[in-house]
Trainee: 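Take this structure first; my questions come after.
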Amino acid sequence: MTAETIQTDRIPEELRPVMRAMAEAGARLAAIIRRGGDLASPVGTNADGDGQKALDVMADDLFRQALAGAGVRWLASEEQDEAVALDPAGRLAVAIDPLDGSSNIDTNVSIGTIFSIYPAEATAEASFLRPARQQIGGGYIIYGPRCAMMVTFGDGVQHYALAPDSDGFRLVTARQEMPESALEFAINASNYRHWPQPIRAYIDDCLAGSDGPREQNFNMRWIASLVAETHRILIRGGVFLYPGDAREGYGSGRLRMLYECAPIALLVEQAGGRATDGLVPILDQGAARLHQRTPFVFGSAEKVARIAAYHELPQTEVSALFGHRGLFRA
């Protein structure tokens with residue numbers, strides 16, 4: 001591992017070793033994905049009962065090995081039952097989803113790695129089960145047509161891209177800012193019948209287009225890769241919704257607070273957006289257990305605030321036809 005794995009002049013000095021390790025493992029994983037092969041074969045289930053693919057296990061091994069020598073005391077992975085101790089003298093704790101979007105491996109759709117950095121405490125529980133605003137860093141690597149990394153250390157979002165000639169991440173944008181508005185929303189519309197009424201009402205009003213209370217036409221996006229959805233929204237704006245719903249096991253949605261929602265929320269807020277569980281900011285919450293799930297809404301600040309307002313309307317209002325919600329015109 002060398003300093004050349006990532007340009008470090010804008011990275012806090014105490015976090016440079018862990019970011020070099022993340023960049024090294026990310027570059028190696030990007031190379032594995034480019035080579036292809038049997039990466040999508042099922043190999044079992046992870047700690048939360050979700051199916052694992054071969055690439056899930058490879059990614060978990062790569063990042064654990066790279067972080068072992070980077071000053072990390074505790075590592076919590078979505079692929080492991082419990083957090084593991086790496087370095088007793090380490091001063092950092094890293095939570096990681098080694099491979100987000102693995103259902104897309106065999107379709108050549110962008111997938112990624114999501115990570116979060118906390119100060120290490122005496123126990124893994126104290127390190128990770130804490131308010132999400134105590135993160136000192138967070139970000140993702142996206143393995144797409146161009147391999148890129150978005151990361152924040154609490155002072156804006158930095159955008160890096162992997163240089164193919166050197167396998168090192170180089171700074172593209174020192175302060176990535178999310179556009180204030182875009183006429184796009186991302187949600188899995190096949191679950192409409194299971195959603196809570198405020199989410200249905202919001203989507204109904206978007207789908208009504210220029211004839212409805214929003215008086216604008218919207219486009220829907222859905223990639224089924226959180227990293228890919230986040231990258232598009234950071235670049236173009238819009239909003240992402242993964243609500244809890246009425247299906248068994250989906251009451252709190254399916255995204256994990258610690259490995260996915262907390263670091264994405266940190267990025268989004270640092271880029272000028274907002275992130276909530278539909279109503280309450282994600283960064284005002286924290287995981288009570290390692291694999292806890294939460295509903296998740298994030299994106300352009302105005303859109304996320306509007307969705308929260310739908311949750312505060314009387315039931316009779318959100319149950320009404322879109323034409324009755326005059327409060328939400330435009």
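Starting from 1, each residue takes its place in the sequence as its number.
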Trainee: L290 versus L129: any side-chain heavy-atom pair under 4.5 Å?
Mentor: yes
Trainee: Within the 3.5 Å criterion, strictly below it, is a donor on Y242 or N191 matched to an acceptor on the partner's side chain?
Mentor: no
Trainee: Distance-only, no hydrogens or angles: does the H194 side chain make a donor-acceptor pair with backbone N or O of G244 under 3.5 Å?
Mentor: no
Trainee: Which pairs with one or both residues in residues 270-284 pass side chain to side chain donor-acceptor pair (under 3.5 Å), sequence neighbours excluded?
Mentor: R133-D284, D277-Q285
Trainee: Between V151 and F169, is there shared hydrophobic-cluster membership here, with clusters defined by ILVMFWY side-chain heavy atoms closer than 4.5 Å?
Mentor: yes
Trainee: Quick check: closest heavy atoms across S127 and W74, and the distance to 0.1 Å?
Mentor: OG-CD1, 3.2 Å
Trainee: Just by modelled atom types, is the R20 backbone N or O under 3.5 Å from a matching donor or acceptor in the T5 side chain?
Mentor: yes
Trainee: Are the side chain of T113 and the backbone of P98 linked by a donor-acceptor contact shorter than 3.5 Å?
Mentor: yes
Trainee: Less than 4.5 Å apart, side chain to side chain, heavy atoms only: is that true for L39 and I32?
Mentor: yes
Trainee: With heavy-atom distances below 4.5 Å as the criterion, would you say the side chains of R73 and D87 are in contact?
Mentor: no
Trainee: Going by the rule side chain to side chain donor-acceptor pair (under 3.5 Å), which residues pair with E121 if we only count those two or more places apart in sequence or in a different chain?
Mentor: R130
Trainee: May I ask you to decide whether E24 forms a salt bridge with R28, counting only side-chain N to carboxylate O separations under 4.0 Å?
Mentor: yes
Trainee: With a cut-off of 3.5 Å and sequence neighbours excluded, list every side-chain donor-acceptor pair involving residues 153-164.
Mentor:
unit_1, atom_1, unit_2, atom_2, d
D155, OD1, R175, NH2, 3.0
Q158, OE1, Y160, OH, 2.5
Q158, NE2, R10, O, 2.9
H159, ND1, Q176, OE1, 3.3

Trainee: Same hydrophobic cluster for I96 and L29, using side-chain heavy-atom links shorter than 4.5 Å among ILVMFWY?
Mentor: yes
Trainee: Calculate, to the nearest 0.5 Å, the distance between atoms CD and OG1 belonging to E260 and T230 respectively.
Mentor: 9.5 Å
Trainee: Is the side chain of S300 donor-acceptor paired with the backbone N or O of E302 at a distance under 3.5 Å, no angle test?
Mentor: no
Trainee: Membership question, hydrophobic clusters at under 4.5 Å side-chain separation (ILVMFWY): are V57 and L55 in the same one?
Mentor: no
Trainee: Verify the neighbour count for atom CD of Q134: are there more than 12 heavy atoms of other residues, nucleotides or ligands below 6.0 Å?
Mentor: yes
Trainee: For a 4.5 angstrom cut-off between non-hydrogen side-chain atoms, does I111 reach V109?
Mentor: no
Trainee: If only atom types and distance count, is the side chain of N217 paired as donor or acceptor with the main-chain N or O of S210 below 3.5 Å?
Mentor: yes
Trainee: Is the backbone N or O of A120 less than 3.5 Å from a side-chain atom of R91, with the two atoms forming a donor-acceptor pair by type?
Mentor: no
Trainee: Are I264 and L255 packed together at the side-chain level, in the sense that at least one heavy-atom pair is separated by less than 4.5 angstrom?
Mentor: no
Trainee: Tell me whether the guanidinium CZ or amine NZ of R247 lies under 6.0 angstrom from the six-membered ring centre of Y250 and within 45° of its axis.
Mentor: yes
Trainee: Quick one: does any side-chain atom of R16 pair with a main-chain N or O of I11 as donor and acceptor, under 3.5 Å?
Mentor: yes
Trainee: May I ask you to test the V280-H311 pair for a side-chain heavy-atom distance under 4.5 Å?
Mentor: no
Trainee: Could you check whether any side-chain N or O of R293 sits under 3.5 Å from a backbone N or O of R254, counting only pairs where one atom can act as donor and the other as acceptor?
Mentor: yes
Trainee: Do V94 and F63 belong together in a cluster built from hydrophobic side chains that touch within less than 4.5 Å?
Mentor: yes
Trainee: Quick one: does any side-chain atom of D205 pair with a main-chain N or O of Y202 as donor and acceptor, under 3.5 Å?
Mentor: no
Trainee: Would you say L266 ends up clustered with Y140 if hydrophobic residues are merged whenever their side chains have heavy atoms under 4.5 Å apart, either directly or through other cluster members?
Mentor: no
Trainee: What distance separates M257 CE from I282 CD1, expressed to the nearest 0.5 Å?
Mentor: 4.5 Å
Trainee: Just distance, no hydrogens or angles: give the donor-acceptor pairs under 3.5 Å from side chains in residues 219-227, sequence neighbours left out.
Mentor:
unit_1, atom_1, unit_2, atom_2, d
R221, NH2, E184, OE2, 3.4
S225, OG, S110, O, 3.0
S225, OG, A228, N, 3.4

Trainee: Among residues at least two apart in sequence or on other chains, which ones pass salt bridge (charged side-chain N to carboxylate O under 4.0 Å, His left out) with R64?
Mentor: D60, D61
Trainee: Under the 3.5 angstrom rule, does the side chain of Q135 hit a backbone N or O of A262 as a donor-acceptor pair?
Mentor: yes
Trainee: Answer yes or no for R306 and Y310: cation-pi contact, defined as NZ/CZ to six-membered ring centre under 6.0 Å and angle to ring axis within 45°.
Mentor: no
Trainee: Set out, in order, the CA-CA distance, both residues' side-chain angles and the distance that settles ring-ring contact (aromatic ring centres under 6.0 Å, His included) for F298 and F240, then state yes or no.
Mentor: CA-CA 5 Å; F298 71 85; F240 170 94; 5.0 Å; yes
Trainee: What residues form a ring-ring contact (aromatic ring centres under 6.0 Å, His included) with Y143, not counting sequence neighbours?
Mentor: none
